[in-house]
Amino acid sequence: KTVVAETAAPIKVAVVVCLLRGKKVLLGRRRSSLGDSTYSLISGHLEFDKLSYSILPSESFEECATREVKEETSLDIDNIELLTVTNNLFLNEVKPSQYVAIFMRAVLADPHQEPQNVEPDFCDGWEWYEWDNLPKPLFWPLEKVVQDGFNPFPN
Ligand SMILES: CC(C)CCOP(=O)(O)OP(=O)(O)O
Ligand SMILES: [Mg+2]
Ligand SMILES: [Mg+2]
Ligand SMILES: [Mg+2]
């Protein structure tokens with residue numbers, strides 16, 4: 001069944017952060033109208049003209065990754081690298097949408113820092129998981145790259 005959108009909704013852009021600590025990666029179960037109850041990497045919309053962050057005219061992928069990780073876990077990150085870019089259709093959600101998801105990887109600035117669940121209305125809590133033992137179900141953009149054999153760890 002093809003979904004015909006009445007008005008062309010804008011394609012959105014989000015940054016997805018593979019935060020690596022040793023052999024593990026940080027995931028949280030989402031509470032959201034998008035991918036509710038699925039396990040996701042830290043992710044967030046690439047924002048334009050965020051006066052409150054006094055970042056003009058808009059933020060870089062690295063600035064977005066740093067901001068979203070701070071906002072959602074209060075963690076500080078380093079060595080942020082671009083890994084891959086994916087095109088994701090969300091047709092089974094309440095509101096159909098399309099997202100370009102920019103996968104980045106990073107490490108903790110302080111390896112002893114533990115994540116806080118800063119936005120409990122949007123996340124059930126953050127846990128470290130081995131890549132070969134990820135929780136299910138995964139948030140669609142992550143599920144798709146895992147199916148394609150994606151691995152964020154440096155070889
Ligand atoms: C496709 C997905 C990565 C969308 C954006 O993620 P998100 O809902 O976590 O966005 P925010 O953290 O910006 O609220
Ligand atoms: Mg966010
Ligand atoms: Mg955001
Ligand atoms: Mg988010």
Side-chain angles (χ1 to χ4, degrees), residues 8-21 24-110 113-131 133-148 150-153:
I11 295 176
K12 297 180 183 173
V13 179
V15 166
V16 178
V17 184
C18 305
L19 182 53
L20 308 181
R21 187 176 75 176
K24 297 195 172 185
V25 64
L26 194 67
L27 290 165
R29 190 163 55 177
R30 291 173 63 86
R31 301 173 71 152
S32 157
S33 56
L34 186 64
D36 191 43
S37 303
T38 64
Y39 288 87
S40 168
L41 298 160
I42 302 166
S43 61
H45 293 83
L46 192 65
E47 299 285 1
F48 175 70
D49 188 18
K50 287 293 284 184
L51 282 178
S52 49
Y53 295 101
S54 68
I55 296 170
L56 282 176
S58 71
E59 60 188 354
S60 68
F61 299 157
E62 293 76 9
E63 283 162 343
C64 177
T66 302
R67 177 180 56 75
E68 286 289 348
V69 170
K70 192 73 180 170
E71 278 179 3
E72 301 191 1
T73 68
S74 84
L75 292 171
D76 299 306
I77 59 176
D78 260 345
N79 304 356
I80 308 165
E81 295 171 82
L82 172 67
L83 291 182
T84 188
V85 179
T86 65
N87 188 11
N88 304 272
L89 277 178
F90 291 92
L91 300 180
N92 309 328
E93 303 280 346
V94 172
K95 242 176 63 207
S97 65
Q98 182 173 349
Y99 274 88
V100 170
I102 299 168
F103 282 75
M104 319 280 289
R105 78 167 161 219
V107 295
L108 291 169
D110 167 5
Q113 222 185 349
E114 282 297 338
Q116 316 291 321
N117 190 16
V118 181
E119 300 177 334
D121 294 349
F122 297 107
C123 177
D124 283 337
W126 300 103
E127 299 291 339
W128 298 98
Y129 296 90
E130 301 206 336
W131 192 256
N133 197 6
L134 294 177
K136 297 276 179 205
L138 293 178
F139 185 33
W140 173 233
L142 179 55
E143 176 61 33
K144 209 153 68 101
V145 290
V146 166
Q147 286 173 7
D148 295 345
F150 172 76
N151 186 316
F153 289 85

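Both counts, for ligands and for their atoms, begin at 1 and track the order of listing. Both backbone and side-chain heavy atoms feed into the values below; hydrogens, waters and symmetry mates do not.
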Quiz item: By atom name, which N, O or S atom belonging to Glu72 lies closest to the Mg ion (ligand 2)?
Solution: OE2
Quiz item: What's the atom name of the N, O or S in Glu68 nearest to the Mg ion (ligand 2)?
Solution: OE1
Exercise. Please confirm if an N, O or S atom belonging to Glu71, backbone or side chain, lies less than 2.8 Å from the Mg ion (ligand 3).
Key: no
Exercise. Any chance you could lay out the side chain to side chain contact (heavy atoms under 4.5 Å, CB included) test for Val16 and Leu142, step after step, and finish with the verdict?
Key: CA-CA 9 Å; Val16 178; Leu142 179 55; over 6 Å; no
Quiz item: Quick check: does Ser43 put an N/O/S atom under 2.8 Å from the Mg ion (ligand 4)?
Solution: yes
Quiz item: Do Trp126 and Ile42 pass the side chain to side chain contact (heavy atoms under 4.5 Å, CB included) test, and can you show the C-alpha distance, the side-chain angles, and the key distance before you say yes or no?
Solution: CA-CA 9 Å; Trp126 300 103; Ile42 302 166; 3.7 Å; yes
Quiz item: Less than 4.0 Å between a side-chain N and a carboxylate O, is that true for Glu119 and Arg31?
Solution: no
Quiz item: Hey, are Glu71 and Arg67 close enough for a salt bridge, meaning a charged N less than 4.0 Å from a carboxylate O?
Solution: yes
